[in-house]
A.B. asks: 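Structure in structure tokens, see below.
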Amino acid sequence: VDNNKDRIVIGSKYYIQIFQRKENKRDISTKSKVNFESIKSGNFSSLMDGWKEVAYNERGESGIEKPYQTENKVLRNKLTIDKFKIWTNQVAFDTKEIKSDVELENMIYQVNDVLQLENDICNIEIIPAGVEMNKNYGVLPNEIDINKDRMTITWDGEGKYPIEIYQRE
């Protein structure tokens, strides 16, 4: 069973049958420029162009407590990406010095159709076009477009837990 493919499970008291598609119905590759395999190897080249911050929020201890800010005067964070590094005004995620495949696999991994990048400083989610964002982000503003690649960056901002949301233009 491939967890990345659509499937139907039918079961009763006596048996379980699993039917799986040969191809995934949700083909994100036609809409998205994100190259999962390249990113999993620590190469961010497929992410290098066209990102804009579209929303910002700060999560308190109990989760999302206020609406996302989407005004240009508030959105002042700059996202920069090169082959081995993603960084903003606040945090950075760098793979250039990583020598071990095991260490890289612990930092960059796939959960369903989303890539997770984690280090001691921040957590980055890369959400390809056509994939819905996690419900943990709360009520998202209309500026966020499911038909575009999106990236969220979160970190511990001394108890505030900021969330920056970027999408490709």
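Quick note: residue numbers are just sequence positions, from 1.
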A.B. asks: How close do Asp113 and Phe36 get, counting heavy atoms only, and between which atoms?
C.D. replies: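 Shortest heavy-atom separation between Asp113 and Phe36 comes out as O-CZ, 3.3 Å.
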
A.B. asks: Whether the Glu125 and Gln116 side chains hold a donor-acceptor pair (N or O, under 3.5 Å, no angle test) is what I'd like checked.
C.D. replies: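 Result is yes, a qualifying pair exists.
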
A.B. asks: Between Glu53 and Asn77, is there a donor-acceptor pair closer than 3.5 Å when you use the side chain of the first and the backbone of the second?
C.D. replies: yes

A.B. asks: At their closest point, which heavy atom of Ala129 faces which heavy atom of Ser32, and how far apart are they?
C.D. replies: N-CB, 3.9 Å

A.B. asks: Given side chain to side chain donor-acceptor pair (under 3.5 Å), test Asn43 with Ser41 step by step and report yes or no.
C.D. replies: CA-CA 6 Å; Asn43 180 338; Ser41 71; 5.5 Å; no

A.B. asks: Please give me the minimum heavy-atom distance between Lys148 and Glu169, naming the atom from each residue.
C.D. replies: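 Looking at all heavy atoms of both residues, the shortest contact is NZ-C, 4.2 Å.
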
A.B. asks: Can a donor-acceptor pair be found, under 3.5 Å and without considering hydrogens, that links the side chain of Asp94 to the backbone of Lys85?
C.D. replies: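 The answer is no, because no donor-acceptor pair under 3.5 Å joins these two groups.
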
A.B. asks: Could you tell me whether the side chain of Ser46 reaches within less than 4.5 Å of the side chain of Lys33, counting heavy atoms only?
C.D. replies: no

A.B. asks: Nearest 0.5 Å please: distance from the CD atom of Glu105 over to the CD1 atom of Ile98.
C.D. replies: 11.5 Å

A.B. asks: Just do the side chain to side chain donor-acceptor pair (under 3.5 Å) check on Thr154 and Asn123 with the steps written out, would you?
C.D. replies: CA-CA 5 Å; Thr154 59; Asn123 180 342; 4.6 Å; no

A.B. asks: Keeping Gln110 on the side-chain end and Lys40 on the backbone end, is there a donor-acceptor pair under 3.5 Å?
C.D. replies: no

A.B. asks: Report the residues that fulfil side-chain hydrogen bond (donor to acceptor under 3.5 Å, both in side chains) with Thr95, sequence neighbours left out, ordered by chain and then residue number.
C.D. replies: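 Thr95 satisfies side-chain hydrogen bond (donor to acceptor under 3.5 Å, both in side chains) with no residue once adjacent residues are dropped.
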
A.B. asks: Please test Phe44 against Ile39 for side chain to side chain contact (heavy atoms under 4.5 Å, CB included), starting from the C-alpha separation and ending with a verdict.
C.D. replies: CA-CA 5 Å; Phe44 304 128; Ile39 295 168; 3.9 Å; yes

A.B. asks: Does a side-chain heavy-atom distance below 4.5 Å link Val34 with Leu47?
C.D. replies: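 The answer is yes; the side chains approach within 4.5 Å.
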
A.B. asks: If every non-hydrogen atom of Thr152 is compared with every non-hydrogen atom of Ile165, which pair is closest and at what distance?
C.D. replies: CG2-CG1, 3.9 Å

A.B. asks: What's the separation between atom CD in Glu164 and atom CD in Glu58, rounded to the nearest 0.5 Å?
C.D. replies: 10.5 Å

A.B. asks: Quickly, which of Ile144, Asp145, Thr70 forms a side chain to side chain contact (heavy atoms under 4.5 Å, CB included) with Val54? Name it, please.
C.D. replies: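 Of the listed residues Ile144, Asp145, Thr70, the side chain to side chain contact (heavy atoms under 4.5 Å, CB included) partner of Val54 is Ile144.
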
A.B. asks: Please indicate whether Asn89 has more than 12 foreign heavy atoms, meaning atoms of other residues, nucleotides or ligands, lying under 6.0 Å from its CG.
C.D. replies: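 More than 12 heavy atoms, drawn from other residues, nucleotides or ligands, come within 6.0 Å of this atom.
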
A.B. asks: Is it the case that atom CG in Asp49 sees more than 12 heavy atoms from other parts of the structure closer than 6.0 Å?
C.D. replies: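 Atom CG in Asp49 is crowded, with more than 12 foreign heavy atoms closer than 6.0 Å.
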
A.B. asks: Do Phe93 and Ile108 come within less than 4.5 Å of each other through their side chains, counting heavy atoms only?
C.D. replies: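 Side chain of Phe93 against side chain of Ile108, heavy atoms only: contact under 4.5 Å found.
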
A.B. asks: Can you check whether Tyr109 reaches Glu118 side chain to side chain, under 4.5 Å on heavy atoms?
C.D. replies: yes

A.B. asks: Decide yes or no for Trp51 and Ile86: does some side-chain heavy atom of the first lie under 4.5 Å from some side-chain heavy atom of the second?
C.D. replies: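 Side-chain contact under 4.5 Å: no.
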
A.B. asks: In the single-linkage hydrophobic clustering (I, L, V, M, F, W, Y; side-chain heavy atoms under 4.5 Å), do Ile121 and Tyr56 co-cluster?
C.D. replies: no

A.B. asks: Counting distance only, does the side-chain N/O of Tyr68 pair as donor-acceptor with the main-chain N or O of Tyr137 below 3.5 Å?
C.D. replies: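 Here the side-chain-to-backbone pair exists.
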
A.B. asks: Is Asp82 atom CG crowded by more than 12 heavy atoms from other residues, nucleotides or ligands, each under 6.0 Å away?
C.D. replies: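 Atom CG in Asp82 is crowded, with more than 12 foreign heavy atoms closer than 6.0 Å.
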
A.B. asks: For Glu37, does its backbone N or O pair with a side-chain atom of Asn35 as donor and acceptor, under 3.5 Å?
C.D. replies: yes

A.B. asks: Within the structure provided, determine whether Tyr161 and Asp156 are in side-chain contact (heavy-atom separation under 4.5 Å).
C.D. replies: yes

A.B. asks: Can you tell me how far the CD1 atom of Ile127 sits from the OH atom of Tyr166, to the nearest 0.5 Å?
C.D. replies: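 Answer for the CD1-OH pair, Ile127 versus Tyr166, is 13.0 Å.
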
A.B. asks: With side chains defined as the heavy atoms from C-beta onward, is the minimum distance between Ile153 and Leu79 less than 4.5 Å?
C.D. replies: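 Side-chain contact under 4.5 Å: yes.
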
A.B. asks: Is there a donor-acceptor contact under 3.5 Å from the side chain of Asn119 to the main chain of Met107?
C.D. replies: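 Here the side-chain-to-backbone pair does not exist.
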
A.B. asks: For atom CD of Glu132, decide whether the heavy atoms of other residues, nucleotides or ligands shown that lie under 6.0 angstrom number more than 12.
C.D. replies: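 Open.
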
A.B. asks: Is a side-chain donor or acceptor of Arg150 paired with a backbone partner of Pro128 at a separation under 3.5 angstrom?
C.D. replies: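 Yes; at least one donor-acceptor contact below 3.5 Å.
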
A.B. asks: Nearest 0.5 Å please: distance from the CD1 atom of Ile146 over to the CE atom of Met133.
C.D. replies: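 Output value for this atom pair is 10.0 Å.
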
